[in-house]
Participant: 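Quick one: the structure is below, questions incoming.
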Amino acid sequence: MAFAAFRRILSGSSAPSPLLRSSFASIRSNSTLVTLTSPKLFISGLSRVTTDENLYNAFASFGQLREAKVIIDRASGRSKGFGFVTYETVEEAEKAREGMNAKFLDGWVIFVDPARPREAQPRQPPRQDFQFNSQSTDIGFTTNKTVGWCG
DNA sequence: GTTGAGCGTT
């Protein structure tokens, strides 16, 4: 319900409001301070009545949309409460994030964050920290080398 | 039927 969102925000009850969650998420992930590397955005906090068209109309003013999709649970046939929006350029996605993050859509505060790559990037492994042991690796390495547990 | 963190049916 839309009223639930309003009540949480206006009352400031014990339960963390979506706005607070947004702030924490921003601080933790620097979502509003880091330049986007992809024109794809992850939109969460959507109302369950929000559909692809609503999402499209809400984000269309910030740039040319390539895709606007609300994820629908195939079993229940209703929205999962989040979706994805893809622009033609990352600049447009930036504007959309600045303009739509923590804003209302169908009575709910939505959160705009960079989307994670759905398929693992073949060319860009996340981060591989190769740590070379400065000390000898003989210890523990020769231990079971010739030990045969042939049972 | 309705309870709110999250990263998608192709």
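Chain letters run A, B, ... following the sequence lines, proteins first and then strands; every chain starts at 1. Please read all numbers here as calculations on a predicted model, not as lab measurements.
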Participant: So, taking the atom named NZ in K40(A) and the one named CG in D113(A), what distance separates them when rounded to the nearest 0.5 Å?
Facilitator: 15.0 Å
Participant: Say you draw a straight line from CZ of R116(A) to CZ of F42(A); how long is it, rounded to the nearest 0.5 Å?
Facilitator: 7.5 Å
Participant: Enumerate the residue pairs fulfilling side-chain hydrogen bond (donor to acceptor under 3.5 Å, both in side chains) with a member in residues 70-85 of chain A, sequence neighbours excluded, ordered by first and then second residue.
Facilitator: D73(A)-S76(A)
Participant: If you check every side-chain atom of R78(A), which of dG6(B), dT9(B), dT2(B) has the closest atom?
Facilitator: dT2(B)
Participant: For T51(A), enumerate each residue passing the side-chain hydrogen bond (donor to acceptor under 3.5 Å, both in side chains) test, keeping only those at least two apart in sequence or located in another chain.
Facilitator: none
Participant: Do the non-hydrogen side-chain atoms of T50(A) and W108(A) ever get within less than 4.5 Å of each other?
Facilitator: no
Participant: What is the distance, rounded to the nearest whole Å, between atom CZ of R48(A) and atom C1' of dG6(B)?
Facilitator: 11 Å
Participant: Could you state the atom-to-atom distance from CG of L41(A) to C1' of dG8(B) in whole Å?
Facilitator: 14 Å
Participant: Using a strict heavy-atom distance below 4.0 Å, which residues from residues 81-89 of chain A are in contact with DNA chain B?
Facilitator: G81(A), F82(A), F84(A)
Participant: On DNA chain B, nearest-nucleotide positions of E67(A) versus S47(A): which is more 5'?
Facilitator: S47(A)
Participant: Supply the atom-to-atom distance E94(A) CD to T89(A) OG1, rounded to the nearest 0.5 angstrom.
Facilitator: 10.0 Å
Participant: When the distance from NZ of K40(A) to P of dG6(B) is rounded to whole Å, what number comes out?
Facilitator: 20 Å
Participant: Find the distance F42(A):CZ to dG8(B):P and express it as a whole number of Å.
Facilitator: 9 Å
Participant: Can you work out whether S44(A) or I72(A) has the more 5'-proximal nearest nucleotide on DNA chain B?
Facilitator: S44(A)
Participant: Just how far is it from atom CG of L41(A) to atom OG1 of T86(A), taken to the nearest 0.5 Å?
Facilitator: 7.5 Å
Participant: To the nearest angstrom, how far is I71(A) atom CD1 from dG6(B) atom C1'?
Facilitator: 11 Å
Participant: For the pair made of CG in D73(A) and P in dG8(B), what is the distance, rounded to whole Å?
Facilitator: 13 Å
Participant: Considering every strand and a 4.0 Å limit on heavy-atom distances, what is the contact class for I43(A): base, sugar-phosphate, or nothing?
Facilitator: nothing
Participant: I need the NZ-P distance between K80(A) and dG8(B), as an integer number of Å.
Facilitator: 8 Å
Participant: Take the protein atom CZ of F111(A) and the nucleotide atom P of dG6(B), then report the distance between them rounded to whole Å.
Facilitator: 11 Å
